[in-house]
Amino acid sequence: MELFIDTADVKEIESAQAMGLLDGVTTNPTLVAKTGRPHREVLEEICELVSGPVSAEVHAVVYDEMMREARELATIAPNIVVKIPLIEEGIRAVRSLSDEGIKTNVTLCFSPLQGMLAAKAGATYISPFVGRLDDIGHDGMALVEQLVDMYERYDFETKVLVASVRSPSHVVEALRLGADVATIPFGVIAKLIHHPLTDAGLARFLEDAKAIPKT
Ligand code: E4P
């Protein structure tokens with residue numbers, strides 16, 4: 001499974017990249033707004049740092065405007081993936097962008113039927129928002145399971161990108177279900193590494209190492 005970071009914060013991306021495990025980046029308007037910087041400027045900087053896929057979201061909700069924005073975003077770098085919301089005009093745009101060879105990440109997916117439409121439109125990625133489903137008492141990972149099974153059964157090439165990840169257990173479940181990608185906030189990436197037994201074990205080893213004769 002590929003690991004993306006879900007952020008527009010360049011410092012967080014640099015830190016995650018230093019581990020050598022970062023496969024890509026996803027951004028959204030909320031994350032870019034937090035940086036206080038212009039959309040294109042932030043994306044240009046991210047694309048200079050990261051060679052894997054970088055998702056950049058359109059702000060339009062009407063087909064013609066989405067297409068214009070998507071084509072403009074795609075000029076930033078060859079690794080840009082245009083993020084399109086899962087609405088009727090969006091699905092239409094995904095079909096056209098796919099025909100033009102522009103990669104897409106269909107965002108705000110909350111049902112298997114939405115996922116089916118995105119795949120039929122030729123989406124490169126589908127983003128089921130698991131945390132937001134959990135928030136309203138639904139089972140976000142059940143949607144991931146339905147999408148993974150559906151795409152396999154019908155040979156859809158669209159990759160399942162688990163989004164709205166809130167905890168390490170979402171990542172464990174994504175792995176168990178065979179998702180293609182999980183996009184993870186910086187704070188959760190840090191939690192993937194740490195384990196109290198590792199810390200305690202290491203402290204003990206370091207202490208015991210002091211008792212080993214030097215020669
Ligand atoms: C995915 O691409 C989105 O940027 C993101 O995962 C949304 O997560 P949230 O529900 O924590 O805002």
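Order of appearance sets the numbers: ligands from 1, and atoms from 1 within every ligand. Heads up: numbering here begins at 1 and tracks the sequence. None of these values were measured; they are calculated from a predicted model.
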TODO: Kindly check if the number of other-residue, nucleotide or ligand heavy atoms within 6.0 Å of CD (E152) is above 12?
DONE: no
Task: Single hit among V181, T183, D180 for side-chain contact (heavy atoms from CB on, under 4.5 Å) with Y125 - done: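 Considering V181, T183, D180, a side-chain contact (heavy atoms from CB on, under 4.5 Å) with Y125 is found only for V181.
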Nearest neighbour in protein (non-hydrogen) for [atom]:
{"atom": "atom 8 (O) of ligand 1", "value": "S164 CA, 3.3 Å"}
{"atom": "atom 5 (C) of ligand 1", "value": "D6 OD2, 2.9 Å"}
{"atom": "atom 7 (C) of ligand 1", "value": "F129 CE2, 3.5 Å"}
{"atom": "atom 4 (O) of ligand 1", "value": "N28 ND2, 2.7 Å"}
{"atom": "atom 2 (O) of ligand 1", "value": "K83 NZ, 2.6 Å"}
{"atom": "atom 12 (O) of ligand 1", "value": "R132 NH2, 2.8 Å"}

What donor-acceptor contacts under 3.5 angstrom involve side-chain atoms of residues 207-215, with partners at least two apart or in another chain?
from: E207; atom 1: OE1; to: K210; atom 2: NZ; distance (Å): 3.1
from: D208; atom 1: OD1; to: R204; atom 2: NE; distance (Å): 3.4
from: D208; atom 1: OD2; to: R204; atom 2: NE; distance (Å): 3.0

Open item on the list: Check contact between R166 and ligand 1, using heavy atoms of the residue and a distance below 4.0 angstrom.
Closed with: yes
- [ ] Check whether any side-chain heavy atom of F4 sits under 4.5 Å from a side-chain heavy atom of L161, and report yes or no.
- [x] yes
Open item on the list: For a side-chain hydrogen bond (donor to acceptor under 3.5 Å, both in side chains) check, start with the C-alpha distance between R40 and T75, then their side-chain angles and the critical distance, and finish with the verdict.
Closed with: CA-CA 10 Å; R40 192 178 176 97; T75 64; 3.2 Å; yes
Task: With S55, the side chain to side chain donor-acceptor pair (under 3.5 Å) member among N105, T124, T26, T107 - done: N105
